[in-house]
**Student:** 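Input: one structure, supplied below.
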Amino acid sequence: VQLQASGGGLVQAGGSLRLSCAASGDTFFSDYLVAWFRQAPGKEREFVANINCSGSSSIYADSVRGRCAMSRDDARNTVYLQMNSLKSEDTAVYYCAARRTRNSPSFYFSDRGFDYWGPGTQVTVSS
């Protein structure tokens with residue numbers, strides 16, 4: 001499966017963005033657990049959030065919990081990350097990743113757990 005993230009941009013602190021991750025190449029995208037990771041300059045890539053196959057369960061990093069929400073539209077083969085109340089520390093390149101599994105999202109916080117990655121989308125939050 002191929003992934004393409006989009007929706008990044010420059011936003012003022014307190015603003016909102018919705019990132020999209022569009023999948024292609026596999027008609028069974030609904031079998032994939034999808035996650036967002038981010039990497040800020042000079043820092044390691046970190047987990048942001050994930051969502052299970054059915055869309056019924058998501059897990060969020062402490063740093064974004066309460067400000068972000070993941071959702072998926074399998075008819076469009078797309079997963080979304082709505083980010084609100086953005087802070088300067090949210091500035092990073094955001095990557096979506098996927099793994100074909102029906103397991104609980106609670107098992108998948110490490111980037112080593114994902115087989116498919118898309119190119120990132122830059123999010124810059126100005127203070």
Side-chain angles (χ1 to χ4, degrees):
V1 66
Q2 292 80 47
L3 304 174
Q4 181 65 55
S6 62
L10 174 64
V11 63
Q12 289 189 334
S16 298
L17 281 175
R18 188 178 78 159
L19 305 184
S20 299
C21 176
S24 61
D26 190 331
T27 57
F28 296 100
F29 183 60
S30 58
D31 288 346
Y32 288 81
L33 184 148
V34 183
W36 287 95
F37 289 82
R38 68 185 181 186
Q39 187 166 20
K43 295 187 177 181
E44 293 187 354
R45 187 160 54 188
E46 65 175 2
F47 171 80
V48 177
N50 64 19
I51 190 166
N52 68 346
C53 294
S54 66
S56 62
S57 180
S58 293
I59 295 179
Y60 300 90
D62 290 343
S63 58
V64 303
R65 188 176 296 116
R67 300 188 296 119
C68 292
M70 276 192 77
S71 61
R72 63 189 301 157
D73 182 347
D74 289 330
R76 298 179 183 271
N77 283 358
T78 302
V79 170
Y80 304 98
L81 179 67
Q82 177 69 42
M83 302 191 297
N84 303 319
S85 302
L86 284 162
K87 307 174 181 180
S88 58
E89 50 263 45
D90 294 318
T91 295
V93 178
Y94 284 70
Y95 301 89
C96 61
R99 178 188 177 104
R100 189 164 188 168
T101 179
R102 290 188 171 274
N103 284 344
S104 166
S106 60
F107 296 118
Y108 300 101
F109 302 116
S110 169
D111 56 4
R112 289 172 292 179
F114 292 86
D115 303 310
Y116 305 97
W117 292 82
T121 185
Q122 176 71 48
V123 171
T124 303
V125 183
S126 63
S127 57

**Student:** Is a side-chain donor or acceptor of Arg65 paired with a backbone partner of Tyr60 at a separation under 3.5 angstrom?
**Tutor:** yes

**Student:** Can the positive tip of Arg45 be found less than 6.0 Å from the middle of the six-membered ring of Tyr95, inside 45° of the ring normal?
**Tutor:**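 Arg45 over Tyr95 ring: yes.
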
**Student:** Is a side-chain N or O of Thr124 found less than 3.5 angstrom from the main chain of Thr91, in a donor-acceptor match?
**Tutor:**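 Checking the backbone N and O of Thr91 against the side chain of Thr124, no donor-acceptor pair under 3.5 Å is found.
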
**Student:** Do the side chains of Val34 and Tyr80 join up, straight or via other hydrophobic residues, at under 4.5 Å, putting them in one cluster?
**Tutor:**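 Cluster IDs for Val34 and Tyr80 differ.
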
**Student:** Once you measure the plane-to-plane angle for Phe37 and Phe114, does it fall in the parallel (<30°), tilted (30-60°) or perpendicular (>60°) bin?
**Tutor:** perpendicular

**Student:** What's the shortest heavy-atom distance between Cys53 and Leu33, and which atoms?
**Tutor:**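 That closest heavy-atom pairing would be SG-N, 4.0 Å.
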
**Student:** Please say whether the positively charged group of Arg72, taken as NZ for Lys or CZ for Arg, lies over the ring of Phe29, i.e. under 6.0 angstrom from the six-membered ring centre and within 45 degrees of the axis.
**Tutor:** yes

**Student:** Checking side-chain hydrogen bond (donor to acceptor under 3.5 Å, both in side chains) against Tyr108, which of Asn50, Asn103, Asn52 comes through?
**Tutor:**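 Passing option: Asn103.
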
**Student:** Quick check: closest heavy atoms across Ala5 and Pro119, and the distance to 0.1 Å?
**Tutor:** CB-O, 3.7 Å

**Student:** Looking only at non-hydrogen atoms, find the nearest pair between Arg67 and Ser85 and report the distance.
**Tutor:**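 Heavy atoms only, the tightest pair is NH1-O, 3.1 Å.
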
**Student:** Assigning hydrophobic clusters by single linkage (Ile, Leu, Val, Met, Phe, Trp, Tyr; side-chain heavy-atom cutoff under 4.5 Å), is Val125 placed with Leu10?
**Tutor:** no

**Student:** Is there side-chain contact between Met70 and Val48, with at least one heavy-atom pair below 4.5 Å?
**Tutor:** no

**Student:** Using 0.5 Å steps for rounding, measure from the OG atom of Ser71 to the CD1 atom of Ile51.
**Tutor:** 6.0 Å

**Student:** Can you tell me how far the CD atom of Gln39 sits from the CD atom of Glu46, to the nearest 0.5 Å?
**Tutor:** 9.5 Å

**Student:** Just how far is it from atom CG of Leu17 to atom CG of Asp90, taken to the nearest 0.5 Å?
**Tutor:**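 That separation rounds to 9.5 Å.
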
**Student:** Which heavy atom of Leu81 sits nearest a heavy atom of Cys68, and at what distance?
**Tutor:**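 Between these two residues, the closest heavy atoms are CD1-CB, 4.1 Å.
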
**Student:** In a check of side chain to side chain contact (heavy atoms under 4.5 Å, CB included) between Leu3 and each of Tyr116, Trp117, Tyr32, which one passes?
**Tutor:** Tyr116

**Student:** Is there a side-chain contact between Leu19 and Arg38, using heavy atoms and a 4.5 Å cut-off?
**Tutor:**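 No, every pair of side-chain atoms sits at 4.5 Å or beyond.
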
**Student:** On a heavy-atom basis, which atom in Trp36 and which in Ser20 lie closest, and how many Å separate them?
**Tutor:** CH2-O, 3.5 Å

**Student:** Evaluate whether atom CZ of Arg76 has more than 12 neighbouring non-hydrogen atoms of other residues, nucleotides or ligands under 6.0 angstrom away.
**Tutor:**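 Open.
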
**Student:** Just so I know, are the side chains of Val11 and Ser16 near enough to count as touching, which here means a heavy-atom distance under 4.5 Å?
**Tutor:** no

**Student:** Indicate the atoms forming the closest heavy-atom contact of Ala13 with Ser127, along with that distance.
**Tutor:**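 Minimum heavy-atom separation between Ala13 and Ser127: CB-CA, 4.2 Å.
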
